[in-house]
Trainee: 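Below: one structure in structure tokens.
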There are 2 protein chains.
Amino acid sequence: MSVRLAETPLIRALPLFKEMSERSFAAMMDVSMLQRFPARADIIREGELPDFLHVVVEGAIDLFATRDGEETTIDIVYPVSTFILAAVVRDEPQLKSARTLVPSQLLMVPSQVVRDTFKHDAAFAHGIVAELAARYRSVTRVLKNDRMLSSAERLANWILSSARRSGRNEFDLPLEKRKLASYLGMTPESYSRGMTALEQYGVTSHGATITVTDPARLMEFAKPALAADD
Amino acid sequence: MSVRLAETPLIRALPLFKEMSERSFAAMMDVSMLQRFPARADIIREGELPDFLHVVVEGAIDLFATRDGEETTIDIVYPVSTFILAAVVRDEPQLKSARTLVPSQLLMVPSQVVRDTFKHDAAFAHGIVAELAARYRSVTRVLKNDRMLSSAERLANWILSSARRSGRNEFDLPLEKRKLASYLGMTPESYSRGMTALEQYGVTSHGATITVTDPARLMEFAKPALAADD
DNA sequence: GCCTTCGATTGATATGCATCAAGCAGCCTT
DNA sequence: AAGGCTGCTTGATGCATATCAATCGAAGGC
């Protein structure tokens with residue numbers, strides 16, 4: 001049940017945990033678990049109270065909402081970051097479900113421990129504030145994009161940020177196209193058509209590889225004023 | 001420039017400020033301002049760095065995003081609560097603009113002071129965490145509604161929460177219909193048509209007064225699984 | 001009390017995107 | 001190498017909602 005500190009350098013380095021005292025961190029790890037899950041494993045379900053704060057150590061997590069059997073992907077989380085922090089600190093029902101996209105390793109910190117620790121360790125509280133604020137801004141951006149951009153523009157903006165993140169003009173899709181489509185708030189069909197539409201704006205794709213051949217042209221189309229900072 | 005403590009009981013009672021030490025609170029008020037604005041006054045503009053954390057003491061604030069001259073209302077804030085907290089704690093550009101909807105009174109706390117105080121006053125840090133988490137969940141809900149509900153369903157859900165909040169089956173619109181429409185992510189025309197469509201589900205409206213004549217029927221239509229808690 | 005103005009409504013039309021329905025291609029299995 | 005599964009693409013159609021345009025109606029000014 002307990003996690004050895006030797007296994008945690010990546011976690012310790014997270015903004016959320018970096019500044020907290022060695023003592024609280026050790027105590028927290030002592031009651032946490034590091035667990036492996038296969039691909040497509042259900043991790044948490046919408047509507048339930050959060051038992052654990054989760055940290056993605058390895059793999060990828062799909063955060064999605066359900067209604068009438070329909071799903072929409074709200075966020076996709078990669079190492080090393082956390083999910084359902086807000087539900088944990090408020091101890092309120094989760095608004096999203098989570099499942100692994102690929103085989104993943106998760107650190108699970110009992111949520112009561114998170115709440116207790118953040119009351120006693122100021123540095124941890126600051127980490128939580130920074131993380132929550134960043135996430136808040138991120139959802140806000142998604143909402144703005146959904147409301148004000150066409151599906152092709154959202155796609156273009158996503159390609160631009162992915163290229164920027166990778167530091168190159170060519171990169172591979174880190175997930176299924178259908179998931180990406182859902183994440184961008186559109187159907188797989190619309191994603192596909194959007195992609196062909198973007199060809200005239202300096203994007204080509206072969207299989208899972210996307211190449212930005214004319215970044216300036218693409219930016220002109222995407223008008224990435226809204227694009228990301230954090 | 002400074003705010004006298006006698007003027008602040010409402011602010012002091014806010015979850016955000018309630019638990020903090022008298023000393024930090026007094027110091028914070030000492031460098032804050034209480035200011036009145038007429039209706040439709042611009043308060044902050046998207047893209048700028050936050051100079052102040054704002055608290056709506058009186059009136060109503062429209063938080064909106066702009067693009068190509070188009071606007072969409074992201075949130076509407078009533079007394080007594082805060083806005084642009086996330087941008088303040090991260091000291092990053094605001095993602096939304098704000099303007100008064102009606103004559104309003106705002107408390108303005110210099111953002112550097114907010115950041116300093118939350119480093120020294122643990123109780124204030126906790127308040128910020130709770131507030132941020134609540135807001136995060138609230139945007140998440142809006143996003144889910146936008147993605148998964150039809151415009152009429154969003155409207156129905158909004159009516160149900162408004163009725164619940166007012167404690168009665170009849171209530172008055174607290175703002176222009178066009179603003180409400182934008183807030184719900186639709187045009188004024190769609191709002192209007194949505195309203196007539198809801199008549200067969202137990203809602204009538206005359207002018208700015210909305211009456212839920214058959215709550216059960218309306219709930220059946222709205223399927224308010226996603227509705228609010230906080 | 002009438003006129004002006006601005007928002008709300010209603011109607012007609014347009015369009016973006018979803019949905020439905022086949023094809024198609026890569027990949028795994030045998 | 002053949003078959004079949006799965007996910008991607010492409011085409012045809014439909015629907016929800018935006019857009020455009022006109023009328024209506026209430027609130028405020030003169």
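Residue numbering restarts at 1 for every chain, and letters A, B, ... go by the order of the sequence lines. Please read all numbers here as calculations on a predicted model, not as lab measurements. All values below were derived from every heavy atom in this structure, side-chain atoms included, with hydrogens, water molecules and symmetry-related copies excluded.
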Trainee: Heavy atoms under 4.0 Å, any strand shown: does S151(B) hit a base, just sugar-phosphate, or nothing?
Mentor: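 Sugar-phosphate, backbone atoms only, no base.
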Trainee: Can you build the contact string for nucleotides 21-28 of chain C? Use B for base contact, S for sugar-phosphate-only contact, and - for no protein heavy atom under 4.0 Å.
Mentor: --------
Trainee: Listed by chain and number, what are the side chain to side chain contact (heavy atoms under 4.5 Å, CB included) partners of D51(B), not counting sequence neighbours?
Mentor: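 With neighbours one apart ignored, the set is empty.
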Trainee: side-chain hydrogen bond (donor to acceptor under 3.5 Å, both in side chains) with E48(A): which residues, sequence neighbours excluded?
Mentor: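 For E48(A) the side-chain hydrogen bond (donor to acceptor under 3.5 Å, both in side chains) partners, ignoring immediate neighbours, are R45(A).
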Trainee: In this structure, how many angstroms lie between the C1' atom of dT19(D) and the CE atom of M186(B), rounded?
Mentor: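 To the nearest whole Å, that distance equals 16 Å.
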Trainee: Quick one: pull up OG1 in T204(A) and CE in M195(A) and give me the separation to the nearest 0.5 Å.
Mentor: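 Between atom OG1 of T204(A) and atom CE of M195(A) there are 7.5 Å.
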Trainee: Check whether any side-chain N or O of S190(A) sits under 4.0 Å from OP1 or OP2 of dA18(C), and answer yes or no.
Mentor: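 Answer is yes, contact under 4.0 Å.
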Trainee: May I have the step-by-step check of side-chain contact (heavy atoms from CB on, under 4.5 Å) for L106(B) and V57(B), ending in yes or no?
Mentor: CA-CA 5 Å; L106(B) 301 182; V57(B) 177; over 6 Å; no
Trainee: Once side chain to side chain contact (heavy atoms under 4.5 Å, CB included) is applied, do any residues pair with E58(B), and if so which ones, sequence neighbours excluded?
Mentor: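 R36(B), Q105(B).
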Trainee: Going by the rule salt bridge (Lys or Arg N to Asp or Glu O under 4.0 Å), which residues pair with R99(B) if we only count those two or more places apart in sequence or in a different chain?
Mentor: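 Partners of R99(B) by the salt bridge (Lys or Arg N to Asp or Glu O under 4.0 Å) criterion, ordered by chain and then number, come out as D42(B), D62(B), E71(B).
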Trainee: Take the protein atom CE of M148(B) and the nucleotide atom P of dA16(D), then report the distance between them rounded to whole Å.
Mentor: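 So the two atoms are 17 Å apart, to the nearest Å.
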Trainee: May I ask you to check whether E170(A) and T209(A) show a side-chain donor-acceptor distance below 3.5 Å?
Mentor: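 Short answer, no.
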Trainee: What residues form a ring pair (Phe, Tyr, Trp, His ring centres under 6.0 Å) with Y136(A), not counting sequence neighbours?
Mentor: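 Per chain and number, Y136(A) pairs via ring pair (Phe, Tyr, Trp, His ring centres under 6.0 Å) with no residue.
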Trainee: Measure from CG on L173(B) to C1' on dG7(C) and round the result to the nearest Å.
Mentor: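 Between C1' of dG7(C) and CG of L173(B): 13 Å.
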Trainee: Below 4.0 angstrom, N of the basic side chain to O of the carboxylate: do D75(B) and K96(B) qualify?
Mentor: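 No, this pair does not count.
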Trainee: List every contact pair, protein side and nucleotides 4-8 of chain D side both N or O, where the distance is under 3.5 Å.
Mentor:
| residue | atom | partner | partner atom | Å |
| --- | --- | --- | --- | --- |
| dC8(D) | OP1 | K177(A) | N | 3.0 |
| dC8(D) | OP2 | R178(A) | NE | 3.2 |
| dC8(D) | O3' | K177(A) | NZ | 3.3 |

Trainee: Over the length of the helix from dG1(C)-dC30(D) to dT30(C)-dA1(D), how much do the five-pair end axes diverge, rounded to 10 degrees?
Mentor: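 The value is 30°.
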Trainee: Would you kindly give the CG-to-P distance between L155(B) and dA8(C), to the nearest whole Å?
Mentor: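 It works out to 14 Å between those atoms.
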Trainee: Check side chain to side chain contact (heavy atoms under 4.5 Å, CB included) between A163(B) and all other residues, then give those that pass, not counting sequence neighbours.
Mentor: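 Applying side chain to side chain contact (heavy atoms under 4.5 Å, CB included) to A163(B) gives F171(B), V212(B).
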Trainee: Could you give the CG-to-C1' distance, from L149(A) to dA18(D), as a whole number of Å?
Mentor: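 Rounding to the nearest Å, CG of L149(A) and C1' of dA18(D) are 16 Å apart.
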Trainee: Which pair of non-hydrogen atoms, one from A98(B) and one from L63(B), has the smallest distance, and what is that distance?
Mentor: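 Closest approach of A98(B) to L63(B), heavy atoms only: CB-CD2, 3.5 Å.
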Trainee: In whole angstrom, give the distance that lies between atom CZ of R154(A) and atom C1' of dG16(C).
Mentor: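 It works out to 11 Å between those atoms.
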Trainee: For dA16(D), does OP1 or OP2 lie under 4.0 Å from any side-chain N or O of S150(B)?
Mentor: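 S150(B) to dA16(D) OP1/OP2: no side-chain N or O under 4.0 Å.
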Trainee: Please set out all donor-acceptor pairs under 3.5 angstrom arising from side-chain atoms of residues 180-190 of chain A, sequence neighbours excluded.
Mentor:
| residue | atom | partner | partner atom | Å |
| --- | --- | --- | --- | --- |
| S182(A) | OG | T73(A) | N | 2.9 |
| S182(A) | OG | T73(A) | OG1 | 3.3 |
| T187(A) | OG1 | S190(A) | N | 3.2 |
| T187(A) | OG1 | S190(A) | OG | 3.2 |

Trainee: Let me know the distance between CG of D68(B) and C1' of dA18(D), rounded to the nearest Å.
Mentor: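 Distance, rounded to whole Å: 16 Å.
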Trainee: For DNA chain C, find the residues of residues 193-205 of chain A with a heavy-atom distance under 4.0 Å and give them by number; none if there aren't any.
Mentor: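 The answer is R193(A).
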Trainee: Just the rounded figure in Å: distance from P of dG25(D) to NE2 of H206(B).
Mentor: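 It is 14 Å, rounded to the nearest whole Å.
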Trainee: What residues form a side chain to side chain contact (heavy atoms under 4.5 Å, CB included) with E199(A), not counting sequence neighbours?
Mentor: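 Side chain to side chain contact (heavy atoms under 4.5 Å, CB included) check on E199(A) returns T196(A).
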Trainee: Supply the atom-to-atom distance R90(B) CZ to I84(B) CD1, rounded to the nearest 0.5 angstrom.
Mentor: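 Between atom CZ of R90(B) and atom CD1 of I84(B) there are 15.0 Å.
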